[in-house]
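Reading through the C-alpha cells given below for one structure.
We use all heavy atoms of the structure for the numbers below, so side chains are in, but hydrogens, waters and symmetry mates are not. Whatever order the structure lists them in is the order used to number ligands and atoms, beginning at 1.
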Amino acid sequence: MAETTSKKTSGSVIGTADDVTGVVLAAMDGAPNARLREIASSFVRHMHAFAREVKLTEQEYSVGVEFLNRIGQATNDHHNEGILFSDAIGFSTLVCLMNNGSGGPTETAAALLGPFWRMHSPSTKDGGSIVRSPTPGPQLFVKGAVKDTAGAPIANVEIDVWQSSPVGLYENQDDKQADMNLRGKFVTDTAGRFSFHTVKPAGYPVPTDGPVGDMLRAQKRHPYRPAHLHFLMHKPKFKTLITQVFVSDDPNLESDVVFGVTRPLVGDFQRHDSGSAPAADVKAPWYTLDQTFVMAAGEAALPVPPIK
Ligand code: BEZ
Ligand code: FE
C-alpha cells in the first residue's frame, strides 16, 4: 500500500506547500531566453510570496481568477480593461516613470499615453485653433517651448496635442463634436516654440462599468482624472516625449484615479478676468498656459495607437 505521509521528494513531485515555489522555478529554468527566465521566475516568486503573505483562501483565489477573466471579457477593439486595471493600481505610471524622464533635472517627466491618442490629427498652423466644432467653455491660449537638456531650443519638433472638452469628453466619445475636434499637430519654429488656441479641458471619469469600476467602488475611490492636455513630441535623434500637463485648479489634482500627476506636470494656468484678450471675440475669463518641455537625445519611436 502506498505511503501517504509527507516524504522528502525530488524532481517535480511535491511534498508540502513549502516545496511548490522551488519546484516551479526549476521547471521554468530551462527557458533559453535569459530575460524571459528572469521575468517569469521573479513573477512566480512574488506571486507565491503574495499568496503566503496574505494566507490566500481558496474562495479568495476564485474571486481573483474571476476578476482576471472579467478583465479579458471586458476588453475589445475599442476598450482595454487590462490597461485600465494596470493604470488604476499605479502599475502603468510606475513602468512609465521607471523608463522615461520623471521630472529630474533633465528631460520633462513622462505621463501615460492613455487610450485616446489617434494618429493623423490635423496639421495646424502656429497659433491656430484646435476647436473644430462649436465647443462652449473658457478659452485657453497655450504657448510652448521645447528645449534640449543643455537648454538650447529644438526646431522642427512635431507635436501632437489632444484633450477632452470642457464637459470632459474626447471627440471620439461625443456625437456633438466634429471628427478631430480638440486635436492638432504643430511643428516648433526656429526658437523651439509653438502655440495654439483651444478651450480649457475638464476632468473625466474612467469607465466604471467593468471589473475596474467594481474595484474602485470596493475601495471607496472616485473614478476621475484631473483635467489635462496630452502632448506627444517627436523628432529624429530625440527620445519621443509623451506627457500631460494638468490644470492646476482641478479638484482631483491630488487624487488622479490613474496616478498620472507628477509635480513638474502641474501647469501654471493663469486666469485673466480683464484686459485685452489674445484673440477677437474672447470674453473673460480666459486662460493662458506657458509651458517648457525638455527632450533628451535618444531614439525617436511612435507608439502603437492603443485602441482601433
Ligand atoms: C487619459 O489620460 O486619456 C487616460 C489615461 C489612463 C486611463 C484613462 C484615460
Ligand atoms: Fe486624457
Side-chain angles (χ1 to χ4, degrees), residues 71 74-97 99-100 102 108-119 121 130 135 137 140 142 159-174 177 180-185 196 198-217 219 221-233 240-248 250-262 264-267 269 289 291 302-308:
I71 287 175
T75 297
N76 55 50
D77 282 353
H78 307 286
H79 173 75
N80 194 321
E81 189 81 3
I83 294 184
L84 184 60
F85 173 58
S86 168
D87 294 346
I89 62 166
F91 198 69
S92 310
T93 289
L94 172 65
V95 174
C96 173
L97 295 182
N99 286 280
N100 298 283
S102 56
T108 293
L112 303 178
L113 178 70
F116 296 112
W117 177 60
R118 289 177 66 189
M119 286 181 110
S121 70
I130 59 171
T135 313
L140 170 65
V142 179
I159 301 179
D160 230 319
V161 177
W162 67 106
Q163 63 166 92
S164 64
S165 71
V167 296
L169 291 170
Y170 287 85
E171 52 72 44
N172 49 341
Q173 301 176 298
D174 184 4
Q177 296 182 54
M180 295 289 179
N181 191 41
L182 307 183
R183 296 176 187 271
K185 191 172 279 179
F196 61 94
T198 184
V199 282
K200 194 167 174 251
Y204 54 85
V206 298
T208 54
D209 54 352
V212 172
D214 290 343
M215 180 186 83
L216 295 175
R217 282 183 286 277
Q219 295 172 344
R221 290 167 61 189
H222 72 70
Y224 282 88
R225 294 222 64 207
H228 54 275
L229 301 164
H230 289 264
F231 295 89
L232 188 158
M233 308 202 167
T240 303
L241 173 62
I242 298 173
T243 193
Q244 304 176 19
V245 176
F246 293 89
V247 173
S248 38
D250 191 288
N252 296 316
L253 196 62
E254 298 198 3
S255 58
D256 182 2
V257 65
V258 303
F259 306 99
V261 183
T262 50
L265 296 182
V266 179
F269 285 76
L289 170 71
Q291 189 81 20
L302 282 179
V304 175
I307 51 170
K308 287 193 182 134

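- Summarising the geometry, atom CD belonging to Glu171 is positioned 4.5 Å from atom CZ belonging to Arg183; distances are rounded to the nearest 0.5 Å.
- Within the model, atoms OH of Tyr204 and CD of Gln163 stand 10.5 Å from one another, a figure rounded to the nearest 0.5 Å.
- Relative ring orientation between His228 and His230 is described as perpendicular, the plane-to-plane angle rising above 60° on a 0-90° scale split at 30° and 60°.
- Protein heavy atom in closest approach to atom 5 (C) of ligand 1: Gly114 CA, 3.6 Å.
- Proximity annotation for atom 8 (C) of ligand 1: of Pro207, Pro115, Pro226, Pro115 comes nearest, heavy atoms only.
- With the Fe ion (ligand 2) as vertex, His228 NE2 and His230 NE2 subtend 90°, rounded to 10°.
- For the pair His222 (side chain) and Asn252 (backbone), a donor-acceptor distance under 3.5 Å is absent.
- Residue Trp117 does not touch ligand 1, judged by heavy-atom distances below 4.0 Å.
- Of all atoms in ligand 1, listed by their number and element, those nearer than 4.0 Å to a heavy atom of Val206 are 8 (C).
- In this structure, the protein non-hydrogen atom closest to atom 3 (O) of ligand 1 is Tyr204 OH, 2.7 Å.
- For Tyr170 atom OH and Tyr204 atom OH, the angle they make at the Fe ion (ligand 2) is roughly 100°, to 10 degrees.
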Inset, instruction - Begin from the C-alpha positions of Thr108 and Leu265 and carry the test side chain to side chain contact (heavy atoms under 4.5 Å, CB included) through to its verdict. - result: CA-CA 8 Å; Thr108 293; Leu265 296 182; 4.0 Å; yes

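- With ligand atoms numbered from 1 in the order given, ligand 1 contributes 6 (C), 7 (C) to contacts under 4.0 Å with heavy atoms of Asp87.
- For atom 2 (O) of ligand 1, the choice among Gln163, Gln244, Arg225 with the nearest heavy atom turns out to be Arg225.
- When only interatomic distances are considered, the shortest N/O to N/O separation between His230 and ligand 1 falls below 3.5 Å.
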Inset, instruction - Could you walk me through whether Thr93 and Thr262 pass the side chain to side chain contact (heavy atoms under 4.5 Å, CB included) test, one step at a time? - result: CA-CA 10 Å; Thr93 289; Thr262 50; 5.7 Å; no

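- Ring geometry for Trp117 versus Trp162: interplanar angle of 30 to 60°, hence tilted.
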